[in-house]
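Here is how names work: the chains are called A, B, and so on, in the same order as the sequence lines, proteins then strands, and each is numbered from 1.
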Number of protein chains: 2
Amino acid sequence: MVETNGHTSTEQAILDAAEELFFDKGYKLATTTAIAAKAGVTHAMLHYYFRTKEQIFLKILDKNMNEMFTMLQTVMSPDLTLKEILKEVVNLHYSFLSRHEKLPSLILELAGTCPEMFHRYKARLRETVDKEVFNHRMRFDREADAGTLNRIDWFQMMFMIISMNLSTFLALPLMRNVFGMDSRQETAFLEERRKEIIRTLYARLFGKGLPEESAVSQECII
Amino acid sequence: MVETNGHTSTEQAILDAAEELFFDKGYKLATTTAIAAKAGVTHAMLHYYFRTKEQIFLKILDKNMNEMFTMLQTVMSPDLTLKEILKEVVNLHYSFLSRHEKLPSLILELAGTCPEMFHRYKARLRETVDKEVFNHRMRFDREADAGTLNRIDWFQMMFMIISMNLSTFLALPLMRNVFGMDSRQETAFLEERRKEIIRTLYARLFGKGLPEESAVSQECII
DNA sequence: CCGATGTTTAACAGAGTTGTTAAACATAAT
DNA sequence: ATTATGTTTAACAACTCTGTTAAACATCGG
């Protein structure tokens, strides 16, 4: 049953079922039995192909994290104005999230309940953040000096962008639950949300006559 | 062993242990055995006092949700300017969250994995939201008409405030993990974050000369 | 002291979890 | 056809989870 890509069809079926269940229920609550059942095989097959639950999970997590890092690295193309870059960052991140709706909550679960599993990505994440800091932080400060941009701490700005995008998708299950949105309303809400995030970001960075609270302390977290 | 408050000391010990474990591990992963062990009793005691895991959980969740609703209702005192109200909303919500650091992720877990358990709060949440809409929405629209405020959809604004605050605390475990913050850095980060959230909100609402993206569509989700 | 009541323990039941293993099955090469 | 190889199954082991129960223990009113 070996196919051209080197995977057997059952191997792929297990991977697909596992990915869906891990994202749906999280690492601990997605059981090997349920994964096997969804793939249409005995749970012994899962251990035959991947030995342990942890190994199959890491294979899936790796795939998704790689896509995330690729997105993070390509997100900032240097030959654009800051204003264009910011819009691009929000849009790309946002579209990545709509293709990986449940990745954020999985990562948050992992950070909370099995941090050791998250360990393998820490170095890479820090490295990526640091690199982007060096690439773009100076530029923000220069524009702030020139007065074409309201001063903002770089880390706070990144945190703001990421958290505004993330929380939209983190809150989605809750919104569906409480407000009973259908898929048309959901699409409309997400689109309106994306625009509002850019609006807010632009207001913070390029708006004039901001109140005195806009003063920024110099301390930086990283 | 009955004490003055009507609870036995073991009953209280179980409640305390349960609260800590439920917030730490979530509903499904906090086991009755572990709760009993932490309380220093046999797990049979847990069933003697509370019959089932679900009942003890609901008792704890109820307590926390009540505090949340109280906070939500008292958060908007009507005899303040909009500007003052907004700052007050952010500050109260933020301080509530620092006292209930792990409530958001528990609620998100619940919405995802046991929505039926969340069901009992839906009506009350909708009701609270609706009430606040009627109380304050007109006021925002009036000020926007008068030009003392940039126009913004009320729901989007509430979502923005809540999500900026929430995501700060949702990301905290991850930040500790990745950047290894000590508690002094953490306090500084949280304080800087709180100020930045107010800055951003003020910029969006009161900033002048916002780019064309600031136009707001009229459609409303609720 | 005694019995009624409330509390605690230890053992058990039943279901579900991850992981192993020996035997059955399929398939292709010799 | 036979053998070697890879795949699949069903049964099993060891563990953990929730919940029950009968018996032991404490405490206090009479």
Identify, with sequence neighbours excluded, every residue that meets ring pair (Phe, Tyr, Trp, His ring centres under 6.0 Å) alongside A:Tyr121.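 Applying ring pair (Phe, Tyr, Trp, His ring centres under 6.0 Å) to A:Tyr121 gives none.
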[X] [atom1] to [N] [atom2]: how many Å, rounded?
| X | N | atom1 | atom2 | result |
| --- | --- | --- | --- | --- |
| A:Tyr49 | C:dT20 | OH | P | 17 Å |
| A:Glu11 | D:dT8 | CD | C1' | 15 Å |
| A:Leu29 | C:dT17 | CG | C1' | 12 Å |
| A:Ile56 | C:dT18 | CD1 | C1' | 13 Å |

Have a look at A:Phe50 and say if it touches a base, only the backbone sugar-phosphate, or nothing, with a 4.0 Å heavy-atom cut-off.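 No contact at all - A:Phe50 keeps every heavy atom at 4.0 Å or more from the nucleic acid.
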I want to know whether [X] and [Y] have ring centres closer than 6.0 Å.
| X | Y | value |
| --- | --- | --- |
| B:Phe50 | B:Phe57 | no |
| A:Phe179 | B:Phe155 | yes |
| B:Phe96 | B:His100 | yes |

Is the positively charged end of B:Lys53 above the ring of B:Tyr27, judged by distance under 6.0 angstrom from the centroid and angle within 45° of the axis?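 Yes, B:Lys53 sits over the ring of B:Tyr27.
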Does the pair A:Glu84/A:Lys87 count as a salt bridge with the N-to-O cut at 4.0 Å?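 Salt bridge absent between A:Glu84 and A:Lys87.
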Nucleotides 15-21 of chain D: protein proximity per nucleotide (B base, S sugar-phosphate only, - neither; heavy atom, under 4.0 Å): --SBBB-
